[in-house]
S.K.: 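Here it is, the structure in full.
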Amino acid sequence: MIQVTLPDGSVKSFAGPVTLGGVAAAIGQGLARAALAGTVDGQLVDLDHPLEADALVTIVTANSEAGLKIIRHSTSHLMAQAVKELFPTVQVTIGPAVDNGFYYDFAFERPFTPDDLAAIEARMQEISLRALPVQRERMDRAEAIAFFQAQGEFFKAEIIADLPADQAISLYRQGTFVDLCRGPHVPNTSCLKAFKLLSVAGAYWRGDARNRQLQRVYGTAWPDKKALDAYLRQLEEAEKRDHRRLGRELDLFSLHEEAGGGLVFWHPMGARVRQVIETYWKKVHVEAGYELLFTPHIANLDLWRTSGHLDFYQDSMFSPMMVDEQPYQIRPMNCPFHILIYNTHLHSHRDFPLRWAELGTVYRYEMSGVLHGLFRVRGFTQDDAHVFCREDQIEAEILGILDLTLATLKAFGFSQFEVNLSTRPTKSVGSDAIWEKATAALKQAIVLRELPFVEDVGGGAFYGPKIDVKITDTIGRKWQCSTIQLDFNLPERFDIYYIGENGGRKRPIMIHRALLGSLERFFGILIEHYAGYFPVWLAPVQAVVLTITDDQNDWAVTVRDRLRARGLRVEADTRSQKVGYKIREHTLKKVPWLLIVGDQEKREGAVSPRDCSGKTYGTVPVEQFMDRLLEETNQH
RNA sequence: GCCGACGUAGCUCAAUUGGCAGAGCAACGGAUUUGUAAUCCGUAGGUUCGGGGUUCGAUUCCCCGCGUCGGCUCCA
């Protein structure tokens, strides 16, 4: 007699050994049909897994995360089978489930073409219809290695050889296709019916650029056609908010082949947004007790030799240029400059904290293949700052920085945060005492602000612990912008000090921090977050006055100028076009407010506002509208 | 950097086996005076990414370079 306990606490009894599939069937026909796999005492297993003792059992269907993952993983096997059938000389390697889909890496003598992908997908459909049972088998290690070698699957054999000696080797067989896999898998290829192959790309064997490059085929898989279609629509939506497309459509910025990759040109409309961001940034920094600095874009390479950046980052620095027979470096970092300023004075313990911020443009050589719109560039402006303080001030400074960070990110429309706390790595500088104290201060700040955080043990930089803040955008993607890093290294290297209470020299603590990270990248994130619909305070054009006929041109210009006189960003469209045409055009430019003026509005000293969703608000006196727009603008 | 795909007017895209490089939108000129998402007519617009090669002839085929796009961490 076997007693099976179900998630709802109920218990089913079976006379003899039973599989999970049998348990599902005993619960109900519907569940038996939907069942993909199950868990036994928390362990994910196949549906044909036999139960020989009492256990806590759940049945996994496509409705759960685990079920979706199984579908995706099994679909990757389905793809591998289709590829092997079509191209017998292909060697299979690995094929896991990933977010929204799966991939499989293949070794093949020629690249896959888009036509190949279509053929593979068609073959996958066909194999799905064959309704092949997917069965788990066991082999001992030597046998498994020999088995895959005999089939010419040398990558598989290598994977097994690298598995721990005591680990059981399991294989999955579907028809003639056998793959090494831990599982579990769906019971039958007919469970896989909604998938699409998306792209093919190079990927290194075991992720190492020194190894052979394989071909990775990406696909997506879902429980049914409806979910698949919904996902494909979502991909289209994401494409519509792509900052590269919106950057062109809204005339915000451009990149130029003639100039070189990864170098950003801010157009007037984009520059307006940047101005608003910078003005706000400067305001909150001054309020938070920062001084604003300006430093050069180029300087003697020795500075980065002293800082140690050259040793670590030479590969991602632009080559120096010779000036008066000295090597000069376009700056990849701002910190040495702030230290030079620090060193122009002798400092007292009473001077601290010193909070110095700079919107510092830096240039880093990024490999050509990684450049991507505003997200990955070769020249960008960090919203950098360095805080110099005493050890006893660390905690208060960290808390202050964290508060400034959260307030700033909230102002730009982000409200969901996630924090990483990275602690001391094995290779590092600084005393145990200072690491402990600094790490505790970072943690304390996170806990005080009740932020969810993950501790990345040993993930800190060699020079100090750090916290990184991630934001979540409208469509759920996470972005790391902010970073707060303690540095026990640079003060040492540049030998900076202050005079302590007892008259002796002491080392100050240095904190590096950035809130937005890079203005370019942050702008890209904002564009995608808002899908181009900037809130009024950020919008490059906050309102456009539209005339019905030429008779209102004078009034339109008057309204525009009155709003402009209050600092609002307003245009007047007096072209002899039908108002519907003008509305369409400015709506496509995502202008928050359109102010229609006809004879009535002109007579009454009014405007008829229309927001970008198409909602209208009747006729409103111009002063009233202006107050409202000003209020919305000045919230930040 | 590596793998693959792509590069034609400002934008989105056409162009048969290698045979005069086109359309829509945008721009410009004119007409129109319009009430909440496209008024009509006309004009102009090109080193087909750059360089080389094959050919009577190259947007098309080949080579090199540049750029763009998708990838290159996530346990078989």
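In the text below, chain A, chain B and the rest are named by the order of the sequence lines, each starting its count at 1. Just so you know, these numbers use all the heavy atoms, side chains as well, and skip hydrogens, waters and symmetry mates.
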S.K.: For the residue pair A/Tyr365 and A/Phe318, categorise the inter-ring angle as parallel (less than 30°), tilted (30 to 60°) or perpendicular (more than 60°).
M.R.: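 The rings of A/Tyr365 and A/Phe318 stand perpendicular, inter-plane angle above 60°.
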S.K.: With respect to the side chain of A/Ile596, which nucleotide from B/G4, B/G35, B/C75 is positioned closest?
M.R.: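 From the listed options, B/G35 comes nearest.
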S.K.: Sort out the partner of B/U54 for me: Watson-Crick or G-U wobble, both distances under 3.5 Å, none otherwise.
M.R.: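 Pairing partner: none.
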S.K.: Using a strict 4.0 Å threshold on nitrogen-to-oxygen distance, state whether A/Glu418 and A/Lys478 make a salt bridge.
M.R.: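 Yes, A/Glu418 and A/Lys478 are salt-bridged.
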S.K.: Check if the side chain of A/Tyr204 and the base of B/C3 share a donor-acceptor pair of N or O atoms closer than 3.5 Å.
M.R.: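 Checked by distance alone, the answer is no.
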S.K.: Within the structure shown, what part of the strands sits under 4.0 Å from A/Leu371 by heavy-atom distance: base, sugar-phosphate, or nothing?
M.R.: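 Sugar-phosphate only.
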S.K.: Pick one: which of A/Leu594, A/Ile596, A/Leu595 meets side-chain contact (heavy atoms from CB on, under 4.5 Å) with A/Pro609?
M.R.: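 Going through A/Leu594, A/Ile596, A/Leu595 one by one, the side-chain contact (heavy atoms from CB on, under 4.5 Å) with A/Pro609 is satisfied by A/Leu595 alone.
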S.K.: Counting only side-chain heavy atoms from C-beta out, which of B/C3, B/G1, B/G70 sits nearest to A/Ser199?
M.R.: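 Selected nucleotide (nearest to the side chain): B/G70.
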S.K.: Could you work out the separation of B/G24 and B/U60 based on their C1' atoms and round it to a whole Å?
M.R.: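 Rounded to whole Å, the distance is 24 Å.
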S.K.: Is there a side-chain contact between A/Tyr581 and the phosphate of B/U36, meaning an N or O under 4.0 Å from OP1 or OP2?
M.R.: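 Answer no for this pair, as no side-chain N or O of A/Tyr581 is under 4.0 Å from OP1 or OP2.
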S.K.: Parallel, tilted or perpendicular for A/Phe155 and A/Trp205, by the 30°/60° rule?
M.R.: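 A/Phe155 vs A/Trp205 ring planes: perpendicular.
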S.K.: Centres of the A/Phe87 and A/Phe108 rings: under 6.0 Å?
M.R.: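 Ring centroids of A/Phe87 and A/Phe108 are less than 6.0 Å from each other.
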S.K.: Rounded to whole Å, please give me the gap between CZ in A/Phe112 and C1' in B/G4.
M.R.: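 Whole-Å distance recorded here is 12 Å.
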S.K.: Regarding A/Thr113, tell me which of base, sugar-phosphate or nothing describes its non-hydrogen contacts under 4.0 Å with the strands shown.
M.R.: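 No contact.
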S.K.: For B/G45, which nucleotide in any strand shown is its Watson-Crick or wobble partner with both distances under 3.5 Å?
M.R.: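 Because no pair has both required distances under 3.5 Å, B/G45 counts as unpaired.
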S.K.: Given that both distances must come in under 3.5 Å, which nucleotide forms a Watson-Crick or G-U wobble pair with B/U39?
M.R.: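 Partner of B/U39: B/A31.
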S.K.: Given the side-chain rings of A/Trp304 and A/Phe312, with only the six-membered ring counted for Trp, is the space between their centroids under 6.0 Å?
M.R.: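 No - the distance between ring centres of A/Trp304 and A/Phe312 does not fall below the 6.0 Å cut-off.
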S.K.: When the distance from CD of A/Glu109 to P of B/C3 is rounded to whole Å, what number comes out?
M.R.: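 In whole Å, B/C3 P lies 17 Å from A/Glu109 CD.
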S.K.: Using the C1' atom as the point on both nucleotides, what is the distance between B/C56 and B/C11, in whole Å?
M.R.: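 Pairwise C1' distance, B/C11 against B/C56, rounds to 37 Å.
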S.K.: Roughly, in whole Å, what's the span from NZ in A/Lys590 to P in B/A37?
M.R.: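 Interatomic distance, NZ of A/Lys590 to P of B/A37: 16 Å.
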S.K.: Could you check how far CD1 of A/Ile548 sits from C1' of B/G35, rounded to whole Å?
M.R.: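 In whole Å, B/G35 C1' lies 4 Å from A/Ile548 CD1.
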S.K.: So does A/Gln552 reach the base of B/G35 with its side chain, donor to acceptor, closer than 3.5 Å?
M.R.: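 Side chain to base: no pair present.
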S.K.: Work out how far the C1' atom of B/A23 is from that of B/U48, and round it to whole angstrom.
M.R.: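 Nearest-Å result for B/A23 against B/U48 at atom C1': 16 Å.
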S.K.: In terms of the nearest nucleotide of RNA chain B, which residue is placed more toward the 5' end: A/Gly262 or A/Ser613?
M.R.: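 It is A/Ser613, whose closest nucleotide lies nearer the 5' terminus.
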S.K.: Assign A/Gly580 to base, sugar-phosphate, or nothing according to its heavy-atom contacts below 4.0 angstrom with the strands shown.
M.R.: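 The answer is sugar-phosphate, as A/Gly580 gets under 4.0 Å only of primed atoms, P, OP1 or OP2.
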S.K.: Check whether any side-chain N or O of A/Arg248 sits under 4.0 Å from OP1 or OP2 of B/G10, and answer yes or no.
M.R.: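 False: A/Arg248 side-chain N/O out of range (4.0 Å or more) of B/G10 OP1/OP2.
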S.K.: For A/Asp599, report the nucleic acid contact type (base, sugar-phosphate, nothing); a contact means any heavy atom under 4.0 Å.
M.R.: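 Counting heavy atoms under 4.0 Å across all strands, the contact made by A/Asp599 includes a base.
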S.K.: Which nucleotide sits closest to the side chain of A/Ile583: B/U34, B/A37, B/G71?
M.R.: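 My answer, after comparing the listed nucleotides, is B/A37.
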S.K.: Can you tell me the Watson-Crick or wobble partner of B/A15, both distances under 3.5 angstrom?
M.R.: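 Per the H-bond distance test, none.
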S.K.: Say we look at B/A37 and B/G18: how far apart would their C1' atoms be, to the nearest angstrom?
M.R.: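 My reading of the C1' atoms in B/A37 and B/G18 gives 46 Å.
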S.K.: Return the value, rounded to whole Å, for the distance between atom NZ of A/Lys578 and atom C1' of B/A37.
M.R.: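 The distance from NZ of A/Lys578 to C1' of B/A37 comes to 12 Å, rounded to the nearest Å.
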S.K.: Does any N or O donor sit under 3.5 Å from an N or O acceptor when you compare the side chain of A/Ser576 with the base of B/U32?
M.R.: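 Per atom types, the contact qualifies.
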S.K.: Which residue, A/Gln577 or A/Leu163, contacts RNA chain B at a nucleotide closer to its 5' end, judged by nearest heavy atom?
M.R.: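 It is A/Gln577 whose nearest nucleotide is closer to the 5' end.
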S.K.: For the pair made of CG in A/Asp551 and C1' in B/U32, what is the distance, rounded to whole Å?
M.R.: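 After rounding, the reported distance stands at 14 Å.
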S.K.: Starting from P on B/G67, measure out to CZ on A/Phe265 and report it in whole angstrom.
M.R.: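 Checked: the CZ to P distance equals 14 Å.
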S.K.: Between B/U68 and B/C25, how many Å separate the two C1' atoms, rounded to a whole number?
M.R.: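 After rounding to an integer number of Å, I get 23 Å for this pair.
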S.K.: Sort out the partner of B/C25 for me: Watson-Crick or G-U wobble, both distances under 3.5 Å, none otherwise.
M.R.: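 For B/C25, the partner nucleotide comes out as B/G10, under the 3.5 Å rule.
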S.K.: So does A/Gln215 reach the base of B/C3 with its side chain, donor to acceptor, closer than 3.5 Å?
M.R.: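 No, no donor-acceptor pair under 3.5 Å.
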S.K.: Searching all strands shown, indicate the nucleotide that pairs with B/U60 (Watson-Crick or G-U wobble; both distances under 3.5 Å).
M.R.: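 When the pairing criteria are applied, nothing turns out to pair with B/U60, so the answer is none.
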S.K.: OP1 or OP2 of B/U68 less than 4.0 angstrom from a side-chain nitrogen or oxygen of A/His372, does that happen here?
M.R.: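 So the side-chain polar atoms of A/His372 never come under 4.0 Å of the phosphate oxygens OP1 or OP2 of B/U68.
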S.K.: For A/Arg244 and B/G70, is the shortest distance between a side-chain N/O and OP1 or OP2 below 4.0 Å?
M.R.: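 Yes, within the criterion.
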S.K.: Looking at the rings of A/Tyr172 and A/His185, which for Trp means the six-membered one, are their centres under 6.0 Å apart?
M.R.: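 Yes - the distance between ring centres of A/Tyr172 and A/His185 falls below the 6.0 Å cut-off.
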S.K.: What's the gap between B/G22 and B/A9 when it is taken at their C1' atoms, as a whole Å value?
M.R.: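 To the nearest whole Å, 10 Å.
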S.K.: Could you check whether A/Lys582 gets within reach of a base, just the sugar-phosphate, or nothing at all, counting any heavy atom under 4.0 Å?
M.R.: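 A/Lys582: no heavy atom of the nucleic acid under 4.0 Å.
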S.K.: Let's test this: given Watson-Crick or G-U wobble pairing with both distances under 3.5 Å, identify the partner of B/C2.
M.R.: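 Check on B/C2: paired to B/G71, both distances under 3.5 Å.
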S.K.: Just to confirm, is there a sub-4.0 Å distance from OP1 or OP2 of B/A37 to any side-chain nitrogen or oxygen of A/Arg610?
M.R.: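 Yes, A/Arg610 has a side-chain N/O under 4.0 Å of OP1/OP2 on B/A37.
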S.K.: With respect to the phosphate group of B/C72, does any side-chain polar atom (N or O) of A/Tyr103 fall under 4.0 Å of OP1 or OP2?
M.R.: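 False: A/Tyr103 side-chain N/O out of range (4.0 Å or more) of B/C72 OP1/OP2.
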S.K.: Should the pair A/Phe265 and A/His256 be assigned to parallel (<30°), tilted (30 to 60°) or perpendicular (>60°) ring geometry?
M.R.: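 Taking A/His256 first and then A/Phe265, their aromatic rings stand perpendicular (interplane angle over 60°).
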S.K.: Distance check needed: B/U68 P versus A/Glu366 CD, whole Å only.
M.R.: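 Atom-to-atom, A/Glu366 to B/U68, this comes out as 13 Å.
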S.K.: Output the single nucleotide from B/U34, B/A37, B/U36 whose closest atom is nearest the side chain of A/Thr549.
M.R.: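 In terms of side-chain proximity for A/Thr549, the closest of B/U34, B/A37, B/U36 is B/U34.
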S.K.: State which of B/G71, B/A37, B/G1 makes the closest approach to the side chain of A/Leu588.
M.R.: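 Shortest atom-to-atom distance from the side chain points to B/A37.
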S.K.: Where does the angle between the aromatic ring planes of A/Trp222 and A/Tyr231 fall among parallel (under 30°), tilted (30 to 60°) and perpendicular (over 60°)?
M.R.: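 Geometry flag for A/Tyr231 against A/Trp222: tilted rings.
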S.K.: Could you tell me how far B/U59 sits from B/U8 if I compare only their P atoms? Round to whole Å.
M.R.: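 Straight-line distance between the two P atoms is 14 Å.
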S.K.: Can you tell me, in whole Å, how much space there is between the P of B/G7 and that of B/C63?
M.R.: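 16 Å, rounded to whole Å.
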